[in-house]
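Here the structure is laid out as structure tokens; the discussion comes afterwards.
No hydrogens, no waters, no symmetry mates; every other heavy atom, side chains included, goes into these values. Along the sequence shown, the residues carry numbers beginning at 1. Owing to the predicted nature of the structure, the values given are computational and were not obtained by experimental measurement.
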Amino acid sequence: MPVAITLSMDRNELLVVVIAVALMAIPVSVISYSVITNTTVSDLTYETETGFEVTVTESKAVESKPVVGNDSWTSGPLELSSGGPASATVSDDAFEASQVGIESVDATRNPVTVNRSDIGQVTLDGQFDQFTTPGIDPTDEQPDFSYRAGEPVTVSVSGVSPDNSVAAVADDQVVATDAAPNPDGTATFQDLPRGQQTIRVAELPSELSIRDVTDGSLIDGSETTVTLTPVDTGEPVTRQTTRDGTINMTGLPVNTRFAAELASDGGYYDRRVRLPARIDQQPAYLLPAEDSVAAVTPRLRLADQTGRFDAERSELRLQRPVPTDAGTQYQTVAGDILGDNGFQTALQRNQQYRVVIVDPTAQQTHVTTVTPRRSEPTALPIEPIEYTTTESISGINISTAYRRPEGGDRLAVNLSNVRAAELTLSEAGNASNTILEDSYAQNMTADVPVPDDTTESNWNADYEATNMNDATISGQQSIQNPTRQERRDAVVRAVLSILLVVVLGSLAMRIAPSVGGAVIIIAAGLLWLAGWMPVEAGLPSIAVGVIVGVLGVISGSRRSL
């Protein structure tokens with residue numbers, strides 16, 4: 001019997017040893033999520049077989065019980081993965097409805113891929129304090145991802161066109177490009193700058209289109225030679241001839257603006273224009289040389305009465321409404337350095353052009369208009385403006401005025417102490433009626449005409465500007481039409497004048513009707529001459545005074561008889 005007991009104890013000890021060995025063979029991560037639920041424990045770390053560690057910092061962060069695979073960590077729609085040792089931290093930001101945010105990403109040894117079913121895949125390479133993305137959409141102007149990093153990093157994104165080069169844009173500057181996206185629609189941006197960055201992913205156009213300015217159609221069938229010269233070097237980079245209205249831009253710098261000279265075989269007027277960088281590419285436009293399109297060739301000259309602009313360094317941009325796929329929009333159709341001799345080009349007669357004068361040295365931009373009528377020297381005046389309202393917000397100054405010079409009503413707006421600004425001038429109560437909507441890279445002044453059919457309206461100046469401390473400030477400034485106030489004042493004066501005539505006439509009538517009539521005539525006449533009583537009230541008042549006076553004289557004559 002004692003022998004049997006000893007044998008039984010040996011079997012139990014053996015079973016304990018087997019269980020212990022089996023438990024030691026199971027990864028720690030499996031034990032952790034099999035015995036602990038994430039809804040009650042925070043700062044829980046999971047590790048995949050590849051050595052990728054994911055730390056959950058908040059108990060409510062995980063939508064569902066995580067699943068740890070060979071190289072991935074998954075919770076609901078979110079999957080994080082890495083092929084080797086790396087780490088990342090998950091908080092509530094990872095499951096926000098509009099974006100996914102990951103913290104403390106160490107992808108220095110192996111890239112970390114972030115994939116949420118409603119956002120799309122992004123791969124991180126480097127050390128990130130924080131990374132956020134609402135999803136990648138190269139077709140809009142909105143930010144596609146942001147991050148904070150102490151050293152340059154690399155980010156690969158999905159959702160781009162496999163046929164176009166793409167660029168990463170920060171603060172309107174291209175900071176990285178991928179000239180050959182993968183066939184599966186991914187692009188890699190290497191050596192993105194350190195610090196806190198907000199990146200927009202944009203497709204780089206491979207062609208420059210040349211279009212008819214009157215209808216927006218491609219110049220197809222008319223031979224056009226295009227010479228592109230970088231603005232900052234002065235040496236021609238490319239010269240191409242086209243008959244289908246397009247030229248190849250592949251391989252040209254993406255951050256460089258070009259001075260373009262377009263020479264047609266006779267179907268269109270030659271043109272000089274400065275094109276934006278490829279990242280903000282817009283078509284070049286030509287004016288057809290046809291009898292149906294009346295054209296003049298004025299020489300536009302700067303007439304600056306403020307002394308803020310230098311003609312030798314100031315660039316002129318001429319803009320006009322052009323049909324586009326997005327509707328009729330203002331586009332730059334001609335322009336170059338003004339110079340002391342001015343800028344001469346063919347323009348459509350009686351077509352109003354928006355004039356943008358940019359002096360990069362003085363950090364000043366002026367916006368006005370010109371309507372060419374004859375082929376002769378034409379002044380582009382910049383006049384001193386007396387603003388009626390000025391407001392300073394976080395260092396930004398905005399001044400406005402409703403002007404009424406001889407040529408017609410005008411709106412004037414000045415934005416100063418800004419690094420960049422967006423300005424929209426729209427009719428109060430009718431925001432769809434805009435007379436100016438554009439972006440500027442420096443201090444700017446606008447002095448633009450009010451349409452003839454809206455000269456009785458008030459206006460709003462909506463702005464969003466970056467101050468000298470790189471803070472973004474937005475607001476709205478009301479521009480009151482003085483005609484409305486003058487009419488209100490005129491009504492008040494007319495009412496007061498009529499009341500004064502009635503009171504004085506009533507008091508005088510107590511003395512004698514003839515005296516009352518005389519007082520009415522004198523008071524109404526003086527108020528009329530002073531401009532207080534309008535003609536519509538003054539003449540009847542004088543007539544009433546005459547009638548009262550005559551009746552008073554007749555009545556007095558009868559009493560004397």
- [ ] Please report the C-alpha distance between Val448 and Thr368 in whole Å, then the side-chain angles of each, then the deciding distance to 0.1 Å, and finally whether the side chain to side chain contact (heavy atoms under 4.5 Å, CB included) criterion is met.
- [x] CA-CA 5 Å; Val448 295; Thr368 184; 5.7 Å; no
TODO: Could you go through the side chain to side chain contact (heavy atoms under 4.5 Å, CB included) check for Tyr269 and Thr345 one step at a time?
DONE: CA-CA 9 Å; Tyr269 291 99; Thr345 190; over 6 Å; no
- [ ] Apply the test side chain to side chain contact (heavy atoms under 4.5 Å, CB included) to residues Tyr440 and Val418: give CA-CA distance (whole Å), side-chain angles for both, the deciding distance (0.1 Å), then the verdict.
- [x] CA-CA 10 Å; Tyr440 308 94; Val418 302; over 6 Å; no
TODO: Take Thr113 and Asn115 through the test side chain to side chain donor-acceptor pair (under 3.5 Å) and record every step on the way to the result.
DONE: CA-CA 6 Å; Thr113 298; Asn115 192 1; over 6 Å; no
TODO: Under the side chain to side chain donor-acceptor pair (under 3.5 Å) rule, what do Ser158 and Thr186 come out as? Steps first, then yes or no, please.
DONE: CA-CA 4 Å; Ser158 59; Thr186 63; over 6 Å; no
- [ ] For side chain to side chain contact (heavy atoms under 4.5 Å, CB included), just list the numbers for Ser222 and Asp265, CA-CA rounded to whole Å, side-chain angles, deciding distance to a tenth of an Å, and then say yes or no.
- [x] CA-CA 7 Å; Ser222 178; Asp265 63 358; 3.0 Å; yes
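Of the possible polar contacts, one joining the Asp310 side chain to the Glu312 backbone as a donor-acceptor pair under 3.5 Å is found. A distance-only check finds a donor-acceptor pair linking the side chain of Asn443 to the backbone of Asn417 [under 3.5 Å]. Thr133 places a side-chain N or O within donor-acceptor distance of the main-chain N or O of Gly135, the cut-off being under 3.5 Å. Gln196 contributes a side-chain N or O that, together with a main-chain N or O of Tyr147, makes up a donor-acceptor pair within less than 3.5 Å. A donor-acceptor pair under 3.5 Å is formed between the side chain of Arg116 and the backbone N or O of Ala94. For the pair Asp125 (side chain) and Pro111 (backbone), a donor-acceptor distance under 3.5 Å is absent. Of the possible donor and acceptor atoms, none in the side chain of Arg354 sits under 3.5 Å from a partner among the backbone N and O of Thr369. Judged by distance alone, with hydrogens and angles left aside, the side-chain atoms of Glu79 form no donor-acceptor pair with the main-chain N or O of Ser72 at under 3.5 Å. Between the side chain of Arg271 and the backbone N or O of Leu262, no donor-acceptor pair lies under 3.5 Å. Between the side chain of Asp336 and the backbone N or O of Arg272 there is no donor-acceptor pair closer than 3.5 Å.
Using modelled atom types, one finds no donor on one side chain facing an acceptor on the other under 3.5 Å when comparing Thr424 with Ser426. For Ser264 and Thr224, the side-chain atoms include no donor-acceptor pair closer than 3.5 Å. Donor-acceptor pairing under 3.5 Å is lacking for the side chains of Asn164 and Ser206. Between the side chains of Thr324 and Gln331, not a single donor N or O lies within less than 3.5 Å of an accepting N or O. Gln127 and Thr108 form no side-chain donor-acceptor contact under 3.5 Å, judged by distance and modelled atom types alone. Side-chain contact, Ser156 with Thr188: a donor N or O sits under 3.5 Å from an acceptor N or O. The closest side-chain donor-acceptor pair between Gln130 and Thr132 falls under 3.5 angstrom.
The two residues Ala295 and Leu287 have their closest heavy-atom pair at CB-CD2, 4.0 Å. Closest non-hydrogen pair, Arg211 versus Ser209, comes out as NE-OG, 3.4 Å. When all heavy atoms are compared, the tightest approach of Phe145 to Ile136 is CD2-CD1, 4.1 Å. Residues Ala428 and Asn460 share a closest heavy-atom pair of CA-ND2, 3.7 Å. Of all non-hydrogen atoms in Gln351 and Pro321, the two that sit nearest each other are NE2-CD, 3.7 Å. Looking at every heavy atom in both residues, Leu208 comes nearest to Met249 through N-CG, 3.5 Å.
Residues Val56 and Trp73 form a side-chain contact, since some pair of their non-hydrogen atoms from C-beta on lies under 4.5 Å apart. Proximity of Val273 to Val333: side-chain heavy atoms (C-beta onward) are nowhere separated by under 4.5 Å. Between Val175 and Phe189, the closest side-chain pair of non-hydrogen atoms is not below 4.5 Å. Side-chain contact between Glu315 and Arg257 is present, with at least one heavy-atom pair separated by less than 4.5 Å. With contacts defined as side-chain heavy-atom distances shorter than 4.5 Å, the pair Asn414/Asn397 does not qualify. Side-chain contact check for Asp438 versus Tyr330: every heavy-atom pair is 4.5 Å or farther apart. Side-chain contact between Thr238 and Phe258: absent, with no pair of heavy atoms (C-beta onward) separated by less than 4.5 Å. Between Glu53 and Asp106, the closest side-chain pair of non-hydrogen atoms is not below 4.5 Å.
Applying the salt bridge (charged side-chain N to carboxylate O under 4.0 Å, His left out) rule to Asp93 yields no partners; only residues at least two apart in sequence or on another chain are considered. Here Glu427 pairs with Asn430, Asn433, Ser457 under the side-chain hydrogen bond (donor to acceptor under 3.5 Å, both in side chains) rule; sequence neighbours left out.
Other residues, nucleotides and ligands contribute at most 12 non-hydrogen atoms within 6.0 Å of the CG atom of Asp171. In this structure, Arg313 places its CZ atom where more than 12 heavy-atom neighbours from other residues, nucleotides or ligands lie under 6.0 Å away.
Using a 4.0 Å cut-off between a side-chain N of Lys or Arg and a carboxylate O of Asp or Glu, Arg194 and Glu151 qualify as a salt bridge.
For the atom pair Phe52 CZ and Asn110 CG, the distance stands at 10.0 Å (nearest 0.5 Å). Note that CD1 of Ile398 is 7.0 Å distant from CG of Leu423, once rounded to the nearest 0.5 Å.
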